[in-house]
Amino acid sequence: MAQESPSSHSFDVPPAKAKACVNCRRRKIKCDGERPKCGQCSRSSGFQDCEYADDGPTRTQVLEEQIAILEARIEEMEKPKALRSTFTLQNPYMGERRSTSLPALSRGGSPNPPMLHSDFTSTPSSPALYEGVPLIELETLIHNFLHHGSQFGFFLNVQNFKEAAFGRSGQRPAAVLLDVVHLWAIHLSGSDELAAYEGRYLSRALRTAVDVLSGTHSLNTVLHCIQAEVLLSHYFLRNTRFLEGKYHISAAVSLVLSSGLHRIRSAETSAASGPLGPAFRSLAPPRDTVEENERINAFWTVLTLNNCWTTADGSPSNISYTVPDARIDTPWPLDINSLHGQSLPDVSVGTVTSFLAHVPDNGNSVAAFHAKAAIVFEQASRLASQYLPNMPHEQLAQLEASFNAIDALIEGFKLALPAVQGGLQSLDAREMFVIHSLAHVATIQLHNPFADEVEASRARALDAARAIVRNLGQVVVNNLVYIDPIMGPLFMATCHVFVAEVMRCRRRRLVGTMDLTSLAQEEQSAKDAFDTILAAMNLFAANCRLMDSQLHTVRQMYHEL
């Protein structure tokens, strides 16, 4: 498969002033300073376009700064109150990094919006309001969001959260989490009248997120902060605000790693040197089984989010499986809303590396299947991106060995998955459709570089795409209101397979290499499958800006056929 050509835009940098890129500096090799990618990095497939320090803070520097800030916050949180500093978490939306698409933080809201009371009651003569929305109505909207929350990364126990959020337990959720849940409740309301408040809710949530780890907090503050970051990232990605979405993904990853959530029940009890500093800082012991499982669920939800979206846009992952200090020991998650009859292992070690080595495990919950699907999706996509035509024989042999291993892993994983069935009356059925789709697109991504030349790879990619279409036939798509936004990129990848199949049939028809009737049938089958995906995207696009944007691209592909 040919390499993508470099970006056509140029940079006005005189050759005499060219400086080494960040990658070459770290590797201590000579750099020609070419932009957007220097000669050294062009020959190393693992690098994106080069970063240069004279262009301002690089992406790596920005991420390192964000990590340092979040680590300092966690360290500060663990100190006695009298010793805490007044250090303020930097607002990523201020200054040069602020996205032009983000509403001003003060727009439409008062400087100090009212806090929620301990309950959601009101009187007919004087209804209680929250940001102008009656609290009774807001409670109904929150119930609606929580019903679909798993599609947007809600990993806490739903019943416990409801009890706390509605003032029916002794512990209130962190303010930032309440604000983000309120934002989502309005966002999913489907009401034009309530949508007028969405910018105000977003502004409040972002303001609260800035100071979430400063001042007085509860034992759940870090966990609730992670949940808020996950929900904010989904919100921005769903609304095609990718830079902001990826910022909140990196913040969530930094929090789970800095808090040691990747080492829950680890066989190694010592706080060894971690990937983000001299040592990761474990939280206080969980108060009960539910809280421990929420922490486990938090880690795997963040890993799934990171793997899906960094893979979807080809950017470097925020999580490594190969760095020893970053090894993931946390056991596979259980079903957080149905823990009865489930149990965790006493100790756990090398959870992801064991899975990648085909070691059998007990990760059979829906949440575990989702995490595994995201892992194989990432591994297959990144391996396929390493292939280049005319690779040296030794490198090609190594790639082939890795290819066969991940291909076998994906197929074994698919066989272990429960079938997609039962319409969408079950929330698990909707989740299983997303999980199956991730696994099938992993196959598509793995075989795509070879599909034009190798018949077996073409057939494997086509079979995987058809499996996604068959699964759509097992769900009542018309009854489905919301779905994980990652399905937008997954549907796009599936459509590309059918487009390639149509074009293949037309090429073969022109040269007369096969029975014309059979070719026409194959072409029509691919078109019908394309139509099925297009119809599903059309339904989902009604309330998802990302799906709508990608639907536009798919329609263009369709018209070109």
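Judged as a ring pair (Phe, Tyr, Trp, His ring centres under 6.0 Å), and not counting sequence neighbours, His370 has no contacts. Scanning for ring pair (Phe, Tyr, Trp, His ring centres under 6.0 Å) contacts around Phe498 gives an empty result, with sequence neighbours left out. Evaluation of the salt bridge (charged side-chain N to carboxylate O under 4.0 Å, His left out) rule for Glu501 yields Arg458, Arg504 as partners, not counting sequence neighbours.
Looking only at side-chain heavy atoms (C-beta outward), Phe299 and Pro333 stay at 4.5 Å or farther from each other. Using a 4.5 Å heavy-atom cutoff, the side chains of His496 and Met557 are in contact. Within the 4.5 Å cutoff, the side chain of Phe242 has no heavy atoms near those of the Phe236 side chain. Side-chain atoms of Leu231 and His248, non-hydrogen and from C-beta on, never get closer than 4.5 Å to each other. A 4.5 Å side-chain heavy-atom check between Pro345 and Asn362 finds every atom pair outside the cut-off. With a 4.5 Å cut-off on side-chain heavy atoms, Leu183 and Leu232 count as touching. With a 4.5 Å cut-off on side-chain heavy atoms, Ser233 and Leu305 count as touching. Proximity of Arg238 to Tyr482: side-chain heavy atoms (C-beta onward) are separated by under 4.5 Å at one or more points.
At most 12 non-hydrogen atoms from other residues, nucleotides or ligands lie less than 6.0 angstrom from CD of Glu400. In Gln556, the CD atom is crowded: over 12 heavy atoms of neighbouring residues, nucleotides or ligands sit closer than 6.0 Å. More than 12 heavy-atom neighbours from other residues, nucleotides or ligands sit within 6.0 angstrom of NE2 on His358.
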Full working for side-chain contact (heavy atoms from CB on, under 4.5 Å) between Lys246 and Asp313 = CA-CA 10 Å; Lys246 292 189 67 176; Asp313 75 349; 2.7 Å; yes

Between Arg327 and His262, does a side chain to side chain donor-acceptor pair (under 3.5 Å) hold up when you go through it step by step?
-> CA-CA 8 Å; Arg327 189 190 66 230; His262 61 307; over 6 Å; no

I would like to know whether Ile483 and Phe152 meet side-chain contact (heavy atoms from CB on, under 4.5 Å); could you show each step before the answer?
-> CA-CA 8 Å; Ile483 200 165; Phe152 310 117; over 6 Å; no

Check the pair Glu229, Tyr247 against side chain to side chain donor-acceptor pair (under 3.5 Å), reporting the backbone distance first and the verdict last.
-> CA-CA 9 Å; Glu229 294 290 357; Tyr247 169 82; over 6 Å; no

Between Lys414 and Thr443, does a side-chain contact (heavy atoms from CB on, under 4.5 Å) hold up when you go through it step by step?
-> CA-CA 10 Å; Lys414 289 179 185 177; Thr443 296; 2.7 Å; yes

Could you walk me through whether Gln386 and Gln395 pass the side chain to side chain donor-acceptor pair (under 3.5 Å) test, one step at a time?
-> CA-CA 10 Å; Gln386 296 175 20; Gln395 292 183 17; over 6 Å; no

Carefully, step by step, assess Ser317 and Asn306 under the rule side chain to side chain donor-acceptor pair (under 3.5 Å).
-> CA-CA 7 Å; Ser317 175; Asn306 169 80; 2.9 Å; yes

Given the rule in the side-chain contact (heavy atoms from CB on, under 4.5 Å) test, do Asn239 and Leu546 qualify, once you have shown the distances and angles that lead to the verdict?
-> CA-CA 6 Å; Asn239 285 286; Leu546 173 61; over 6 Å; no

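A side-chain donor-acceptor contact under 3.5 Å links Asp335 to the backbone of Val366. With hydrogens and angles ignored, the 3.5 Å screen pairs a side-chain donor or acceptor of Lys372 with a backbone N or O of Gly363. Side chain of Asp329 to main chain of Gly350: a donor-acceptor pair is present (N/O by atom type, distance under 3.5 Å, no hydrogens or angles). Put simply, the side chain of Ser525 never gets that close to the backbone of Gln521: no donor and acceptor are under 3.5 Å apart. Judged by distance alone, with hydrogens and angles left aside, the side-chain atoms of Ser385 form a donor-acceptor pair with the main-chain N or O of Arg382 at under 3.5 Å. A donor-acceptor pair is defined here as one N or O able to donate and one able to accept, closer than 3.5 Å; such a pair exists between the side chain of Ser258 and the backbone of Ser254. Of the possible donor and acceptor atoms, none in the side chain of Gln379 sits under 3.5 Å from a partner among the backbone N and O of Ile406. A distance-only check finds a donor-acceptor pair linking the side chain of Asp32 to the backbone of Glu34 [under 3.5 Å].
Ring pair Phe403/Phe450 is perpendicular by interplanar angle, where above 60° counts as perpendicular and below 30° as parallel. Between Phe540 and Phe491, the ring-plane angle classifies as parallel under the 30° and 60° cut-offs. Under the 30°/60° scheme for interplanar angles, the aromatic rings of His440 and His436 are found to be tilted.
With salt bridges taken as basic N to acidic carboxylate O contacts below 4.0 Å, none links Asp528 and Arg466. In this structure, Glu411 pairs ionically with Arg460, as a charged nitrogen and a carboxylate oxygen lie closer than 4.0 Å.
Rounding to the nearest 0.5 Å places OG1 of Thr494 at 9.0 Å from CG of Leu472. The structure places CD of Glu378 at 11.5 Å from CG of Leu383, a figure rounded to the nearest 0.5 Å. For the atom pair CG (Leu462) and CD (Glu455), the distance works out to 9.5 Å, reported to the nearest 0.5 Å. Distance check, rounded to the nearest 0.5 Å: CD1 of Ile296 to OG1 of Thr301 gives 11.5 Å. Rounding to the nearest 0.5 Å gives a distance of 12.0 Å between CG of Leu334 and CH2 of Trp300. Here the CD1-CG distance, from Ile328 to Leu261, works out to 11.5 Å after rounding to the nearest 0.5 Å.
Closest approach of Ala368 and Ser365 over heavy atoms only: N-OG, 3.0 Å. Across Met487 and Ser437, no two heavy atoms sit closer than the pair CE-OG, 3.5 Å. Nearest heavy-atom pair across Ala442 and Ile410 is CB-CD1, 3.8 Å. Nearest heavy-atom pair, Ser348 versus Thr351, reported as atom, atom and distance to 0.1 Å: OG-OG1, 3.4 Å. Taking every heavy atom of both residues into account, Cys505 and Glu522 meet most closely at SG-CB, 3.7 Å. Between Ser150 and Glu431, the closest heavy-atom pair is OG-OE1, 3.5 Å.
For an aromatic pair to be called close, the ring centres must be under 6.0 Å apart, and Tyr558 with Phe530 satisfies this.
Judged by distance alone, the side chains of His447 and Ser457 do bring a donor and an acceptor atom under 3.5 Å apart. Side chains of Thr310 and Asn318: no donor on one and acceptor on the other come within 3.5 Å.
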